[in-house]
Amino acid sequence: MAAFLQTNMTLDSIKVVPGRYSSLTDRAPYRIRCAAASPVKKRYNIALLPGDGIGPEVISVAKNVLQKAGFLQGLEFDFQEMPFGGAALDLVGVPLPEETSTAAKQSDAVLLGAIGGYKWDKNEKHLRPEMGLLHLRRDLKVFANLRPATVLPQLVDASTLKKEVAEGVDMMIVRELIGGIYFGEPRGITINENGEEVGVNTEIYAAHEIDRIARVAFETARKRRGKLCSVDKANVLDASILWRKRVTALASEYPDVELSHMYVDNAAMQLIRYPKQFDTIVTNNIFGDILSDEASMITGSIGMLPSASLGESGPGLFEPIHGSAPDIAGQDKANPLATILSAAMLLKYGLGEEKAAKRIEDAVLDALNKGFRTGDIYSPGNKLVGCKEMGEEVLKSLDSKVPATV
Ligand code: IPM
Ligand code: MG
C-alpha cells in the first residue's frame, strides 16, 4: 500500500475547493480532496482551527500526517479550516465566530493548533483569544479532557528530573473541562461597599458534573493499570468535599479500580518527587490545568503532549497542550509532535479508528528512534530539525511497513 501511495498520491492530486464559509475569509475555509484512486471506505469531516502563533505551522504538518495515516487505512477526510482565536479577532472582531462554532459542531472531530499572543494580551477579557477556546469547549460540551504524560525512553534525557525518577512515567490526567472556577457564577470585577474593586470567581460543581467526569476516569483507569487518584482540596474547599464524596460513592461500581485521594498541594509535590506512583489522575478544571503543565515537564517538553476533549456525544476537540509560543512563531522551530499525537488521539478517541492512530504513534516513535529532534527536545548526538522537517520524517516513517516498537 505504501508503494501505491508513493506513486499515486502526490501534492498535485490534492485539490483545494472553496468551502461553505468562503465569504468570511478567503484564507480560511477549504476542503481538501484526494483525487487519487484509493481504497477509501470511510469519510470524515474534520474542522481545522490553526489559531495563532505556531498554531498554523503545527496544524499544517499534522494535517498531512493525519491525511496520510488515514489514507493508509482507507479513510478520507474533508478538512474545513476556520478562523479562531487572535486570527479570528483580526479578521472579524471576535475570537470564536459563529461560523467557526457551527463548523466545529457539525464536524466529526476538531483539530486545534494554539491560540493567543502578545498582540491581544491587553484586549478586554471577552475579546481575548482564550475566551474563544473556553466558549468552544463549552459549545462542544467537551467536559472530559484527557492529557497523557508519558516519558519516552528516547527522550528521558530531556526531562528536568533525574533519569531514575523520570524513566517509566506513564500517566493520564483526566481534567474536568467545562465547569468549576473557569465557568462558575458569580464572577466578574465589581465594587464593594467600601468602594473598592473586587474580583470574584466561583468554584462550583454539581453532583452530576462530578459523576460524569469520575466515570470517564474510572473507565480510563480500568483500561490502563487500574489505579485512579482523585486530586482535590477537600481539607478546605466545599466543592472539593462534594467532589471526594461523589467519587468515593462511585468506586463500588468499579471494584477492579484502586481509588485513592490526594490534596492538590501534595499532588504537585508528589508529581516531581515520585511520578511513577501515578497511573490515572482525575481532577477539576483548574487543578488539571496546573498539574498537566507540571506533568509535561517530567516528559521533557510541553511540545510533546497531546490532548483529547470529549463529551457525551458529538465531535471531540483535539489539541496540543502547549500554547501559541509567539516567540518562535513563523520560524519553523516549533515541535509538531504534540499536534501530530493529538491527530492520533482524534483518530482513536474521536473516530474510533485505532489502527490509523497506532500508525501515527509508531511513526512518531520511529522518527525519534532515528534521532530527529526539534530544539525543545534536542540533546547532543541527535539531528536538529525544524517543524516541517520533523513532519516530513514522520510522513516517511508512516510509509515504513514494519511498525516501530519502543
Ligand atoms: C490549557 C490552557 C487554557 C486553559 C487557556 C489557554 C485558556 O492553559 O488548555 O491548558 O486554561 O484551559
Ligand atoms: Mg493550561
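First listed ligand is number 1; within each ligand, the first listed atom is number 1.
On a distance-only criterion, Glu319 and ligand 1 share no N/O pair closer than 3.5 Å. An N or O contact shorter than 3.5 Å is missing between Glu130 and ligand 1 by distance.
Ion pair Lys68/Asp399 flagged as a salt bridge, since at least one NZ, NE, NH1 or NH2 atom sits closer than 4.0 Å to an Asp/Glu carboxylate oxygen. With respect to the salt-bridge test (charged N to carboxylate O, under 4.0 angstrom), the residues Asp211 and Arg215 do not qualify. Under 4.0 Å is where a charged nitrogen must lie from a carboxylate oxygen, and between Asp332 and Lys388 no such pair does. Salt-bridge check for Asp170 with Lys276: failed, with every basic side-chain N at 4.0 Å or more from each acidic carboxylate O. Using a 4.0 Å cut-off between charged side-chain N and carboxylate O, Asp157 and Lys163 make no salt bridge. Under 4.0 Å is where a charged nitrogen must lie from a carboxylate oxygen, and between Lys396 and Asp366 no such pair does. Using a 4.0 Å cut-off between charged nitrogen and carboxylate oxygen, Glu76 and Lys41 do not count as a salt-bridge pair. Looking at Asp376 and Lys333, no side-chain N of the basic residue comes within less than 4.0 Å of a carboxylate O on the acidic one, giving no salt bridge.
For atom 11 (O) of ligand 1, the nearest protein heavy atom (residue, atom name, distance) is Tyr182 OH, 2.6 Å. Remark: minimum distance from atom 9 (O) of ligand 1 to any protein heavy atom is reached at Arg137 NH2, 2.7 Å. For atom 8 (O) of ligand 1, the closest non-hydrogen atom of the protein is Asp289 OD1, 3.2 Å.
Here the rule is side chain to side chain contact (heavy atoms under 4.5 Å, CB included) with Leu155, and of Asn382, Thr299, Leu368 only Leu368 fits it. Screening Lys358, Lys42, Lys348 for a side-chain hydrogen bond (donor to acceptor under 3.5 Å, both in side chains) with Glu353, the sole residue that qualifies is Lys42.
Closer than 2.8 Å to the Mg ion (ligand 2) sit the protein N, O or S atoms Asp289 OD1.
When heavy-atom distances to ligand 1 are checked against a 4.0 Å cut-off, Arg128 has no atom that comes that close, whether in backbone or side chain. Of the heavy atoms in Arg175, only side-chain atoms (C-beta onward) come closer than 4.0 Å to ligand 1. Within the 4.0 Å heavy-atom criterion, the part of Arg147 lying near ligand 1 is the side chain and not the backbone.
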